[in-house]
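Step one of this worksheet: look at the structure below.
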Amino acid sequence: MSEWKSARKIWDISQTLRPGLPVWPGDTEFAFERSWDMGAGSPVNVARMTMSTHSGTHGDAPLHYGNDAADIASVALDPYIGKCLVVDARGIMGAIGVGDLPAMASADRVLFRTYEAFPHDAWREDFTAISAAAIRWLAAQGVKLIGTDAPSVDPQNSKSIDAHKAVLEHDMRILEGLVLDGVEAGEYELIALPLKIAGGDAGLCRAILRELGE
Ligand SMILES: Nc1ccccc1C(=O)C[C@H](N)C(=O)O
Ligand SMILES: [Zn+2]
Ligand SMILES: [Zn+2]
């Protein structure tokens, strides 16, 4: 075993960014290409990327759903690091409602697993959203961050984006596109920092869960 291996187990809950990554219908495809190849003129390999700010696993900035709201470079990082509760929401169709929420003593962060198996290779329009009522209920319990393995907290065809508006109203943070395959319901430490993009309406994340320590 590598001497670098942490004593506490780590789950990588991030999508792998690569060409062909399923993206929101109509949004920018993820593209990656070498701009310099190591060899004759260059001592190193370097690539360039083109992508939507909502590619793969990401955190939404309040600016995404509020014009005068904070960009991703300005938000505090506290919501993105610390103890979280993973909730098994597999089998719920449509949107997660208040009645689907577990009795919670206290949790600052709640992540919902909606997929039996994450759809890495195709866009699925029928993902499970989260109702605005459920978001308000979570806010009332003190929850500061809501995460989901679905690509949005609102349904794909929503124009009123009620869940996002409820999040804005309660100044919560959102993680979308998490990969929770093989993660059991329970408590973990979350670390998922969005990239610091000035004016960014979202930031790509490398998201992990870590086994709780002493
Ligand atoms: N790329 C988009 C283009 C148009 C409308 C929405 C998106 C989204 O990505 C939704 C997003 N993931 C969200 O719920 O925050
Ligand atoms: Zn998003
Ligand atoms: Zn969103």
Side-chain angles (χ1 to χ4, degrees), residues 13-15 17 21-30 49-85 87 89 95-98 101 104 106-112 114 123 127-178 180 190-208:
I13 56 168
S14 324
Q15 293 182 57
L17 299 173
L21 176 80
V23 297
W24 194 273
D27 204 356
T28 310
E29 297 285 344
F30 183 87
M49 300 183 287
T50 312
M51 75 209 81
S52 161
T53 43
H54 297 259
S55 307
T57 307
H58 66 277
D60 286 355
L63 178 64
H64 180 49
Y65 38 82
N67 262 334
D68 301 321
D71 67 359
I72 201 67
S74 309
V75 297
L77 296 178
D78 310 61
Y80 300 104
I81 312 176
K83 207 164 150 184
C84 79
L85 182 66
V87 172
I96 296 165
V98 175
L101 301 173
M104 295 188 315
S106 75
D108 293 330
R109 305 166 189 84
V110 177
L111 310 184
F112 292 98
T114 70
W123 183 263
F127 57 80
T128 302
I130 305 175
S131 73
I135 288 178
R136 285 190 214 100
W137 189 90
L138 291 165
Q141 311 305 305
V143 173
K144 285 281 169 234
L145 174 137
I146 294 176
T148 175
D149 54 1
S152 182
V153 294
D154 274 299
Q156 183 170 314
N157 57 9
S158 173
K159 293 284 178 258
S160 52
I161 59 165
D162 302 323
H164 283 90
K165 295 294 186 191
V167 162
L168 179 64
E169 199 178 304
H170 295 284
D171 198 27
M172 298 161 95
R173 298 293 171 263
I174 303 176
L175 293 174
E176 292 166 334
L178 300 168
L180 296 170
L190 168 75
I191 305 176
L193 301 173
L195 292 182
K196 193 175 186 178
I197 303 165
D201 55 278
L204 309 195
C205 285
R206 182 67 178 261
I208 67 161

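Along the sequence shown, the residues carry numbers beginning at 1.
From Leu21, atom CG reaches atom CD of Glu29 across 8.5 Å, with rounding to the nearest 0.5 Å. Interatomic distance, Ile161 CD1 to Tyr65 OH, rounded to the nearest 0.5 Å: 9.0 Å. With rounding to the nearest 0.5 Å, the separation of CG in Leu190 from NZ in Lys83 is 13.5 Å.
For residues 142-163, the set of pairs meeting the ring pair (Phe, Tyr, Trp, His ring centres under 6.0 Å) definition, not counting sequence neighbours, is empty.
Smallest separation of non-hydrogen atoms from Ile81 and Arg109: O-NH2, 2.7 Å. Between Ala76 and Pro79 the shortest heavy-atom distance is O-CD, 3.4 Å. The two residues Ala202 and Thr53 make their nearest non-hydrogen contact at CB-O, 3.5 Å. When all heavy atoms are compared, the tightest approach of Ala134 to Ile96 is CB-O, 3.6 Å. The two residues Ile146 and Met172 have their closest heavy-atom pair at CD1-CE, 3.5 Å. Residue Pro194 comes nearest to Gly203 through the heavy atom pair CB-O, 3.8 Å, listed as atom of the first residue, atom of the second, then distance.
By the salt bridge (Lys or Arg N to Asp or Glu O under 4.0 Å) test, Arg136 pairs with no residue at all, sequence neighbours left out. Remark: His54 pairs with His58, Asp60, His64, Asp201 by the side chain to side chain donor-acceptor pair (under 3.5 Å) rule, at least two apart or across chains. Scored by the side chain to side chain donor-acceptor pair (under 3.5 Å) test, Asp78 finds no partners at all (sequence neighbours excluded). In this structure, the side-chain contact (heavy atoms from CB on, under 4.5 Å) partners of Leu195, at least two apart in sequence or on a different chain, are Ile197, Leu204. Checked against salt bridge (Lys or Arg N to Asp or Glu O under 4.0 Å), Lys196 has no partners two or more places apart in sequence or in another chain. Residues meeting the salt bridge (Lys or Arg N to Asp or Glu O under 4.0 Å) test with Arg173, sequence neighbours left out: Asp171. For Ser131, the side chain to side chain donor-acceptor pair (under 3.5 Å) criterion is met by no residue, not counting sequence neighbours. Asp108 meets the side-chain contact (heavy atoms from CB on, under 4.5 Å) test with no other residue; sequence neighbours excluded. Under the rule for a side chain to side chain donor-acceptor pair (under 3.5 Å), the partners of Ser14 that lie at least two apart in sequence or sit in another chain are Asp12.
In this structure, Cys84 and Leu145 have side chains that are not in contact, with every pair of non-hydrogen atoms separated by 4.5 Å or more. Considering only heavy atoms from C-beta on, Thr57 stays 4.5 Å or farther from Ile13 through its side chain. For the pair Val87 and Leu101, the minimum side-chain heavy-atom distance is 4.5 Å or more.
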* Going through the distances and angles, do Ile130 and Ile135 end up as a side chain to side chain contact (heavy atoms under 4.5 Å, CB included)? -> CA-CA 7 Å; Ile130 305 175; Ile135 288 178; 3.7 Å; yes
Please tabulate, one pair per line, all N/O donor-acceptor pairs under 3.5 Å involving side-chain atoms of residues 147-156, not counting sequence neighbours.
{"residue": "Thr148", "atom": "OG1", "partner": "Ala150", "partner atom": "N", "Å": "2.9"}
{"residue": "Asp149", "atom": "OD1", "partner": "Thr114", "partner atom": "N", "Å": "2.9"}
{"residue": "Asp149", "atom": "OD1", "partner": "Thr114", "partner atom": "OG1", "Å": "2.7"}
{"residue": "Asp149", "atom": "OD2", "partner": "Thr114", "partner atom": "N", "Å": "2.9"}
{"residue": "Asp149", "atom": "OD2", "partner": "Tyr115", "partner atom": "N", "Å": "3.0"}
{"residue": "Ser152", "atom": "OG", "partner": "Asp154", "partner atom": "N", "Å": "3.1"}
{"residue": "Ser152", "atom": "OG", "partner": "Asp154", "partner atom": "O", "Å": "3.2"}
{"residue": "Asp154", "atom": "OD1", "partner": "Asp162", "partner atom": "N", "Å": "3.3"}
{"residue": "Asp154", "atom": "OD1", "partner": "Ala163", "partner atom": "N", "Å": "3.0"}
{"residue": "Asp154", "atom": "OD2", "partner": "Ala163", "partner atom": "N", "Å": "3.4"}
{"residue": "Asp154", "atom": "OD2", "partner": "His164", "partner atom": "N", "Å": "3.0"}
{"residue": "Asp154", "atom": "OD2", "partner": "His164", "partner atom": "ND1", "Å": "2.6"}
{"residue": "Gln156", "atom": "OE1", "partner": "Trp123", "partner atom": "NE1", "Å": "2.7"}
{"residue": "Gln156", "atom": "NE2", "partner": "Glu125", "partner atom": "OE2", "Å": "3.2"}

